[in-house]
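Step one of this worksheet: look at the structure below.
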Amino acid sequence: LDKPVQVKLVLLGEAAVGKSSVVMRFVQNDFSENKEPTIGAAFLTQKCRLEDRVLRYEIWDTAGQERFHSLAPMYYRNAQAAVVVYDITKASSLEKAKSWVKELQRQANPNIVIALVGNKLDLVQSTGAGAAAPAGDEGEEEEPDDATATPGEGAEQAEEGEQSLRQVPKEEAAAYAQEAGLLFAETSAKTGEGVVEVFTEIAKKIPIE
Ligand code: GTP
Ligand code: MG
């Protein structure tokens, strides 16, 4: 059988958004609550199996701290794919992600496949059905005499409960990603939600040599 195609992939994004955690979930299917900040960069590999072929990702997990910014071009040079991560509970991290995307689109391989990833999805999710809204809100929506109640209101309130920690609306980031020609996903390195899918979607867009 053919040996897997090597794909060089770089992770970029503000410090502490969870780049190393996303990689650790993808490579080892593991998560650590107190991960040390990355110094310089870390190198890892992981295979990705598609229906018709196997890729081997060579992953450069860069350090997000500003003092390491000048090293980044070494890691994104010749990269075929980039994962630009932000933290959905921190609005400024999306701005930083956008600036990384601009830098990649100006300086990296013109055919680079870029995915924008909003991480820490678990922090805005409720732990069970009905747990999202505070008890007071729930009383309101179940009040049959409430003249202002509409059929859609319950769902809206549940969503408001979910939004408490969220600083970046999913629709806003998705619209930006579409405009900039990026893949987009929200993930949780903690629960694993969405992580493998990001790397699989990227793999599907890597041209067959
Ligand atoms: P630098 O290496 O400094 O650029 O940071 P980083 O982007 O690699 O972040 P890292 O993976 O080290 O994670 C930073 C902190 O966020 C750690 O305490 C992680 O445990 C936590 N973290 C990462 N991903 C998630 C997630 O999906 N959910 C939650 N709740 N915490 C996360
Ligand atoms: Mg790191």
Side-chain angles (χ1 to χ4, degrees), residues 8-46 57-77 79 81-104 107-108 114-128 131-132 161-170 172-174 176-177 182-202:
K8 182 176 166 186
L9 178 147
V10 64
L11 278 104
L12 297 164
E14 191 171 87
V17 295
K19 297 178 294 301
S20 299
S21 300
V22 166
V23 173
M24 194 180 174
R25 174 60 71 190
F26 178 55
V27 172
Q28 296 170 38
N29 195 21
D30 202 0
F31 176 76
S32 149
E33 287 285 352
N34 355 282
K35 205 142 178 38
E36 298 289 318
T38 304
I39 304 298
F43 179 76
L44 300 97
T45 67
Q46 174 66 302
Y57 279 120
E58 300 185 322
I59 302 169
W60 287 100
D61 168 26
T62 67
Q65 290 175 43
E66 206 46 46
R67 62 192 168 114
F68 296 114
H69 190 130
S70 62
L71 299 179
M74 287 203 307
Y75 301 109
Y76 64 67
R77 201 163 51 95
V83 176
V84 179
V85 184
Y86 67 97
D87 174 348
I88 65 172
T89 71
K90 194 175 177 204
S92 66
S93 70
L94 178 63
E95 297 313 308
K96 184 70 196 178
K98 288 180 181 177
S99 82
W100 277 120
V101 169
K102 262 192 206 141
E103 183 169 336
L104 287 171
Q107 319 263 25
I114 305 175
L116 178 71
V117 169
N119 189 42
K120 307 199 183 181
L121 186 55
D122 59 284
L123 292 179
V124 306
Q125 285 168 333
S126 54
T127 48
E162 189 204 272
Q163 301 294 322
S164 55
L165 274 169
R166 183 188 280 276
Q167 285 190 5
V168 180
K170 186 175 183 181
E172 181 193 323
Y176 159 71
L182 320 172
L183 292 168
F184 172 70
E186 289 189 339
T187 62
S188 167
K190 186 169 179 172
T191 66
E193 185 172 353
V195 172
V196 172
E197 289 84 350
V198 167
F199 292 88
T200 307
E201 290 308 306
I202 291 171

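Counting starts at 1 for both ligands and their atoms, following the listed order.
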From T45, I202, V23, residue fulfilling side-chain contact (heavy atoms from CB on, under 4.5 Å) relative to Y57 = I202
Derivation and outcome, side-chain contact (heavy atoms from CB on, under 4.5 Å), residues M24 and K19 | CA-CA 9 Å; M24 194 180 174; K19 297 178 294 301; over 6 Å; no
Have a look at ligand 1 and work out which part of D122, if any, has a heavy atom under 4.0 Å from it: side chain, backbone, both or neither.
-> side chain
The atoms of ligand 1 lying under 4.0 Å from a heavy atom of G64, numbered in the order shown, are 1 (P), 4 (O)
Could you tell me the residue and atom name of the protein heavy atom closest to atom 6 (P) of ligand 1, and the distance to it rounded to 0.1 Å?
-> K19 N, 3.5 Å
Where is the nearest protein heavy atom to atom 24 (N) of ligand 1: which residue, which atom, and how far?
-> N119 ND2, 3.1 Å
Nearest protein heavy atom to atom 31 (N) of ligand 1, by residue and atom, and its distance?
-> F31 CZ, 3.8 Å
In terms of atom number and element, which parts of ligand 1 are under 4.0 angstrom from non-hydrogen atoms of A16?
-> 1 (P), 3 (O), 4 (O), 5 (O), 6 (P), 7 (O), 9 (O), 14 (C), 16 (O)
Are any non-hydrogen side-chain atoms of R166 and L121 less than 4.5 angstrom apart?
-> yes
Give a yes or no answer on whether the side chain of K96 reaches the backbone of A15 with a donor-acceptor pair at less than 3.5 Å.
-> no
Enumerate the atoms of ligand 1 whose separation from the nearest heavy atom of P37 is less than 4.0 angstrom.
-> 2 (O), 3 (O)
Would you kindly say whether Y86 and E95 are connected by a side-chain donor-acceptor distance under 3.5 Å?
-> no
The closest protein heavy-atom partner of atom 12 (O) of ligand 1 is K35 CB, 3.6 Å
Does any N or O in the side chain of S188 come within less than 3.5 Å of the main-chain N or O of E193, such that one atom is a donor and the other an acceptor?
-> no
Residue-ligand contact S32/ligand 1, heavy atom below 4.0 Å | yes
Given that the side chain starts at C-beta and the backbone is N, CA, C, O, which of these parts of E33 lies under 4.0 Å from ligand 1, counting heavy atoms, or is it both or neither?
-> backbone
Note the single closest protein heavy atom to atom 16 (O) of ligand 1, along with its residue, its atom name and the distance in Å.
-> K120 NZ, 3.2 Å
Metal check, the Mg ion (ligand 2) vs T38 N/O/S, cut-off below 2.8 Å | yes
Have a look at ligand 1 and work out which part of L121, if any, has a heavy atom under 4.0 Å from it: side chain, backbone, both or neither.
-> neither
Answer yes or no: is there an ion pair linking E14 with K90, defined by an N-O contact shorter than 4.0 Å?
-> yes
Polar contact flag, side-chain donor to acceptor under 3.5 angstrom, T191-D122 = no
So for T38 against ligand 1, with non-hydrogen atoms under 4.0 Å, the contacting part is both
Heavy atoms only: which of G13, G18, G192, S21 is nearest to atom 9 (O) of ligand 1?
-> G18
For S20 and D61, the nearest pair of non-hydrogen atoms, with its separation, is OG-OD2, 2.6 Å
Do Q46 and Q28 have side-chain atoms, one donor and one acceptor, less than 3.5 Å apart?
-> no
N/O/S atom of S20 under 2.8 Å from the Mg ion (ligand 2), yes or no?
-> yes
